[in-house]
Structures are given as structure tokens and as C-alpha cells.
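One structure coming up, written as C-alpha cells, with questions to follow.
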Amino acid sequence: MTTTAEALSAQAVQLPPEERMEVVERILDSLDEPDTALDALWAKEADDRLAAYRRGEVKAVALSEVIAKYQVNSNPA
């Protein structure tokens with residue numbers, strides 16, 4: 001971590017919790033910028049999956065089945 005980041009961190013921990021949370025939210029918001037290249041890749045993936053479904057290459061699974069599967073596996077006996 002740079003000395004600037006160290007200094008900012010030291011100052012931030014001195015703030016009341018509400019203000020620290022505001023700082024955290026602003027920092028996280030600044031990282032959440034659109035990535036058009038990544039968005040294009042996901043759009044192509046979605047198109048490819050839909051095309052495969054329409055060609056009969058993959059089957060749909062009901063959401064309730066997926067949820068049930070992971071609820072059972074997340075609660076080991």
C-alpha cells in the first residue's frame with residue numbers, strides 16, 4: 001500500500017462508523033464502472049446458450065429443482 005493509501009486508511013478509521021460506511025460505499029461505487037468488453041462477452045454467451053437451447057442441444061431445468069438441489073447440499077447431515 002502506498003503512503004497516500006496508508007494515510008487515508010489511518011484517517012478513515014478515525015471517522016464515526018456512519019461516515020466510514022459512506023467512504024466505503026463511495027469507493028465501491030467508483031470500482032463499479034461498466035466494462036463494455038465484458039458486457040459484450042456476456043451478451044455473446046447468453047446468445048450462444050439460447051441458440052443451443054433452441055437447437056435442442058441443452059435442456060432447461062426448473063428453478064425450483066435447482067434451488068432444491070442446493071438447499072439439500074448446503075445442509076449436510
Side-chain angles (χ1 to χ4, degrees):
M1 193 179 310
T2 66
T3 55
T4 302
E6 291 277 353
L8 287 171
S9 294
Q11 289 177 348
V13 296
Q14 302 289 326
L15 296 170
E18 297 84 18
E19 289 185 29
R20 276 186 281 166
M21 201 59 179
E22 287 179 32
V23 170
V24 168
E25 287 175 4
R26 285 185 183 188
I27 292 170
L28 289 175
D29 286 346
S30 76
L31 295 173
D32 193 21
E33 295 179 7
D35 183 338
T36 54
L38 185 57
D39 291 344
L41 287 172
W42 275 115
K44 182 180 179 331
E45 179 68 22
D47 288 341
D48 290 348
R49 289 181 187 196
L50 179 58
Y53 171 76
R54 287 180 173 161
R55 290 188 304 265
E57 296 171 5
V58 293
K59 293 185 340 180
V61 178
L63 176 62
S64 58
E65 290 180 38
V66 175
I67 291 172
K69 175 183 175 181
Y70 288 100
Q71 285 177 335
V72 170
N73 290 335
S74 66
N75 296 320

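Since this is a predicted model, take the numbers as computed values, not measurements. The figures here come from the full heavy-atom set of this structure, side chains too, leaving out hydrogens, waters and symmetry mates.
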How long is the straight-line distance from CE of M21 back to CG of L28, given to the nearest 0.5 Å?
8.5 Å
Straight-line distance of I27 CD1 to D32 CG, nearest 0.5 Å:
14.0 Å
Answer yes if V61 and Y70 sit in the same cluster of Ile, Leu, Val, Met, Phe, Trp and Tyr residues linked by side chain heavy atoms under 4.5 Å apart, and no otherwise.
yes
Going by the rule salt bridge (Lys or Arg N to Asp or Glu O under 4.0 Å), which residues pair with D48 if we only count those two or more places apart in sequence or in a different chain?
K44
Sorted by chain and number, sequence neighbours left out, side chain to side chain donor-acceptor pair (under 3.5 Å) with E45 holds for R49
Set of side chain to side chain donor-acceptor pair (under 3.5 Å) partners for E57, sequence neighbours left out
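Listed in chain order: R55.
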Work out which heavy atom in A12 is nearest to a heavy atom in R20; give both atom names and the distance.
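Taking A12 first and R20 second, the nearest heavy atoms are O-CG, 3.0 Å.
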Side chain proximity check, I67 to L63, heavy atoms < 4.5 angstrom
yes
